[in-house]
Every structure is written in structure tokens, then in C-alpha cells.
Amino acid sequence: MEQFLTQEDVAGVTRLLILQPTAFCNVDCDYCYLPNRGDRRIMSHDTAAAAARFVFESGLQAVDFTVVWHAGEPLMVRPDWYREAFARIAAEAPQGISVPHAIQTNGMLIDERWCELFLAHEVRVGVSIDGPAFLHDARRRSRGGEGTHAKALKGLRMLKARGVATHVICVITNASLTHARELIAFFRDEGVVDIGFNIEEVEGVNLQSSLARPGVVSDFHAFFEAILVEADHTNPPLRIREYRNALAMLRHPGFGSMTANSQNMPFAMLTVGVNGELFTFSPELAGLKSESYADFIVGRLPAATARSVLSDPVFTRLWRDIWSGTAMCRANCKYFNLCLGGAPVNKLSECHTFVATETLACKLSQQVIADVSLGHLERSMMES
């Protein structure tokens with residue numbers, strides 16, 4: 001991939017179009033990276049349609065293109081709003097192409113109306129729940145300071161009972177590291193099959209992490225080893241996203257020759273803010289402030305086009321610096337072929353520049369995960 005891009009270079013690369021229906025969130029997790037969580041404005045249907053048009057008119061959509069509703073609590077916007085938004089987006093798609101949708105939610109507002117919407121449109125739902133109540137409620141609390149576990153669990157159970165396609169994202173904090181068995185037992189007992197583990201990151205407006213301490217690498221190594229062992233012993237075995245992703249990279253026909261991932265490749269992920277602000281690269285950049293990068297906004301809908309973004313000076317500056325940081329990773333890191341340069345937002349948040357390499361996020365989420373996953377695979381092959 002070259003530093004200077006044309007529209008042809010980005011054709012067919014967009015896997016995720018992340019739309020922010022509202023920045024508002026009804027909970028106040030103390031590790032949240034998002035700014036503006038009190039902003040109750042709602043995206044217009046015209047903006048949602050313009051976002052889809054931006055992708056389809058330039059042929060940006062990848063084979064596995066998905067619209068993801070995220071960044072705030074998307075269920076703060078009523079189901080009827082989504083019915084109209086889905087229809088407007090479908091109307092922009094080329095003939096014969098159906099657009100899949102996914103939503104990431106804290107689960108607290110799920111009821112029969114939401115289940116009906118999800119089932120009618122085959123929406124994939126991710127629920128954020130950090131395991132048992134003693135872990136979840138320590139960090140995921142309401143604006144009034146109450147724990148949110150009971151309501152989140154009620155929503156998760158309703159989704160499972162109604163047969164909605166559901167997975168879970170669990171944030172790992174320092175307190176989680178000695179509770180691998182309890183975490184897996186909780187998800188097993190709740191019938192959760194697909195789990196992704198996000199670490200508590202220094203990211204966005206979250207300026208510190210409980211994992212940023214001496215000895216955390218070895219402790220996280222032991223934790224993730226225990227997670228994989230415990231997950232193998234459930235029936236059926238739990239599907240751990242990080243392990244599956246590591247194996248998928250090893251099996252990829254391009255392994256060893258790829259140069260970028262979905263967070264440092266332009267247009268692979270596109271994020272649209274409530275008012276039509278357009279972002280690319282790490283979606284967590286959306287809403288952050290930066291004089292150097294003009295708040296990371298590379299265009300505004302409905303006026304923006306792929307061609308206008310590629311010539312935009314903010315995009316050009318972002319791409320130059322992100323590409324430089326990725327090139328440094330490629331030159332210096334033995335894990336590069338697995339992570340392909342990491343997440344720009346982590347470099348900026350931890351190192352205060354995109355032109356950087358190793359971060360705490362990559363040590364844990366990439367290096368430790370790779371080492372543990374490869375060791376687990378080797379043991380599994382020897383035992384079979």
C-alpha cells in the first residue's frame with residue numbers, strides 16, 4: 001500500500017460503516033472512552049441515508065460490509081426510528097445487495113419491541129456485560145451511581161429467549177484478572193457462546209487504566225491462559241473472539257504479506273457522527289478534540305465524497321502519520337504479521353502521537369493474546 005491513495009485504492013475495502021444515532025448514554029461507565037455522553041441529539045434519517053450513499057456511490061463496500069450502530073447507547077433512539085433508517089439505507093444500496101445491521105448495546109433497555117425489530121431485520125446484537133455482578137457493577141454504573149448488572153442481564157436473557165443472534169463484549173480490568181473461572185462460569189450458565197474480551201484501555205477521554213501497572217503482562221498472560229482452558233471445558237465450548245482471530249490470521253492466505261489492518265487502513269472502517277461528521281481509521285477517534293488534526297473530521301455528509309476525502313488536508317495528514325507509525329511497527333515488531341500495526345487511537349492516547357509503536361494495548365491485546373493462543377493451539381494439537 002502506498003502513502004498516496006486514489007479512489008481505486010480504496011474500492012471494496014469498507015467492512016464497517018459505524019453510525020452514531022446518538023452520543024447520549026444512559027449509563028456512566030468509569031472506563032468509557034467516549035466524550036459527549038450527555039448529548040441527546042439524534043442523527044437524521046437524511047444523514048443515515050447519506051452515509052450509505054457515500055459508501056455505495058463510490059463502490060467502497062467490501063463483500064462482508066455491515067452497518068454498525070454504536071458510540072453512545074443506540075437503544076436510546078426508538079425502534080420506529082430504526083425501521084425508517086433501515087429502509088432509507090436499503091434504498092441506497094445497489095440492486096441485489098442487502099445490508100446487514102448490527103447494534104452494540106448495554107442491554108438495559110431491551111424489551112419485546114426491540115426483540116421484534118432485531119428479529120424482523122436479522123440484526124446482530126452485541127451486549128456489553130462484564131461478567132458477574134461483583135465485577136460488572138464495580139465499573140458499569142448508572143448516572144445515579146447504582147449498579148446496572150441486573151437490567152443488563154435481564155436484557156441479555158430476553159434476547160436469548162427470543163432467539164436473537166447475540167454475542168457479548170466483556171471489558172477486562174485489573175479486578176478481572178484473578179476471576180477467569182468465574183467469568184467463564186457466568187457466561188456458560190447464561191448460555192452465551194460468543195465472547196469478546198476488551199481490555200480497559202487508555203483511550204479517548206479515559207486517561208488511565210487499572211491495567212497500567214508493573215507485572216500486568218504476566219498476570220494477563222495467566223488470565224488469558226485460564227480463560228482458554230476454562231472455555232474448552234464448557235459444553236458446547238465457548239467461542240473466544242481473540243483466540244479465533246489469532247487462528248484466522250495464521251490461516252489467512254495473505255499471512256506474511258499484508259501491510260495494514262482495519263484500523264490503520266483508510267476507509268476500512270468509516271464512522272459517522274450524529275451531525276454527519278465523517279471519520280476513518282480507529283472509530284474511537286470520533287468526537288475527540290485535536291487542533292493538529294481538526295478533531296479528526298475528514299469530511300461532512302452529505303457533501304463529502306470518497307474523492308473529496310482523499311484530497312482533504314486533514315485526511316492526508318492523518319494518513320501520513322498513521323502510515324509512518326505502521327511502518328515503524330513493521331520494521332521493529334516480531335508480532336507485526338498478526339496485528340498489522342495496531343490501533344492508531346491507542347498510539348495517540350498512550351504515546352501522544354500516531355508515529356509510535358508499542359503500547360500497553362498492543363502488549364496485552366496483541367502480544368500476550370498471540371503467545372497464549374499459539375501455545376494453546378500447540379497443546380491442543382498434541383493432545384488430539
Side-chain angles (χ1 to χ4, degrees), residues 1-5 8-18 60-66 68 169 196-199 201-203 217 220 224 240-271 279-286 296 298 310 315-351 353-377:
M1 184 178 297
E2 298 179 355
Q3 184 174 341
F4 300 101
L5 299 173
E8 289 70 29
D9 291 324
V10 296
V13 305
T14 302
R15 297 183 60 234
L16 298 181
L17 174 61
I18 301 168
L60 300 176
Q61 72 276 13
V63 174
D64 56 350
F65 174 74
T66 300
V68 179
I169 289 179
F197 291 106
N198 291 354
I199 68 162
E201 300 177 39
V202 177
E203 186 174 81
V217 170
F220 189 77
F224 194 65
I240 306 300
R241 179 191 62 189
E242 288 69 26
Y243 181 59
R244 293 167 57 212
N245 287 350
L247 298 191
M249 283 298 295
L250 291 173
R251 297 187 184 110
H252 196 286
F255 181 77
S257 63
M258 294 182 288
T259 58
N261 62 42
S262 60
Q263 292 203 49
N264 56 36
M265 178 187 295
F267 289 54
M269 302 172 91
L270 293 170
T271 302
F279 308 86
T280 187
F281 305 112
S282 298
E284 296 86 359
L285 294 172
F296 310 103
V298 298
L310 289 169
F315 171 82
T316 302
R317 197 176 314 123
L318 274 168
W319 173 225
R320 178 198 65 207
D321 292 349
I322 288 171
W323 175 253
S324 296
T326 303
M328 289 170 61
C329 289
R330 185 168 59 252
N332 297 300
C333 183
K334 67 180 181 179
Y335 295 90
F336 181 81
N337 288 329
L338 284 169
C339 87
L340 301 175
V345 72
N346 292 133
K347 295 181 180 183
L348 184 69
S349 298
E350 293 190 39
C351 306
T353 177
F354 291 122
V355 188
T357 54
E358 189 175 80
T359 63
L360 175 65
C362 82
K363 285 181 184 178
L364 302 184
S365 294
Q366 300 294 340
Q367 297 177 17
V368 172
I369 293 295
D371 290 342
V372 174
S373 296
L374 289 172
H376 188 77
L377 176 62

Exercise. Any side-chain heavy atom of Glu201 sitting closer than 4.5 Å to one from Thr359?
Worked result: no

For this session: Mind checking ring pair (Phe, Tyr, Trp, His ring centres under 6.0 Å) for Phe279 and listing every partner two or more places apart, or none if nothing turns up?
Result: none

Seminar exercise, completed: The ring pair (Phe, Tyr, Trp, His ring centres under 6.0 Å) partners of Phe336 (sequence neighbours excluded) come to none

Problem set entry | Gap between atom OG1 of Thr326 and atom CG of Asn261 - 0.5 Å precision | 7.0 Å

Exercise. To the nearest 0.5 Å, how far apart are CG in Leu250 and CG in Leu338?
Worked result: 5.5 Å

Exercise. Between Glu203 and Ser349, does any side-chain donor sit less than 3.5 Å from a side-chain acceptor?
Worked result: no

For this session: Apply side-chain contact (heavy atoms from CB on, under 4.5 Å) to Val372 and list each qualifying residue two or more places apart in sequence or on a separate chain.
Result: His221, Phe224, Glu225, Leu228, Val368

Exercise. If you measure from OG1 on Thr66 to CG on Leu17, what distance do you get to the nearest 0.5 Å?
Worked result: 10.0 Å

Seminar exercise, completed: Sorted by chain and residue number, the side-chain hydrogen bond (donor to acceptor under 3.5 Å, both in side chains) partners of Asp371 (sequence neighbours excluded) come out as Tyr335

Exercise. Between CE of Met258 and CZ of Arg330, what distance do you get to the nearest 0.5 Å?
Worked result: 12.5 Å

Exercise. Could you state the interatomic distance from CG (Leu360) to CD (Glu350), rounded to the nearest 0.5 Å?
Worked result: 5.0 Å

For this session: Measure the SG-CG distance between Cys339 and Asn264 for me, rounded to the nearest 0.5 Å.
Result: 8.5 Å

Problem set entry | pair Asn245-Ile369: side-chain heavy atoms closer than 4.5 Å | no

Exercise. Between the main-chain N or O of Phe267 and the side-chain N or O of Thr280, is there a donor-acceptor pair closer than 3.5 Å?
Worked result: yes

Seminar exercise, completed: Applying ring pair (Phe, Tyr, Trp, His ring centres under 6.0 Å) to Tyr243 and not counting sequence neighbours gives His376

For this session: Please answer whether the main-chain N or O of Gly254 pairs with a side-chain N or O of Ser257 as donor and acceptor at a distance below 3.5 Å.
Result: yes

Exercise. Listed by chain and number, what are the ring pair (Phe, Tyr, Trp, His ring centres under 6.0 Å) partners of Phe354, not counting sequence neighbours?
Worked result: Tyr293

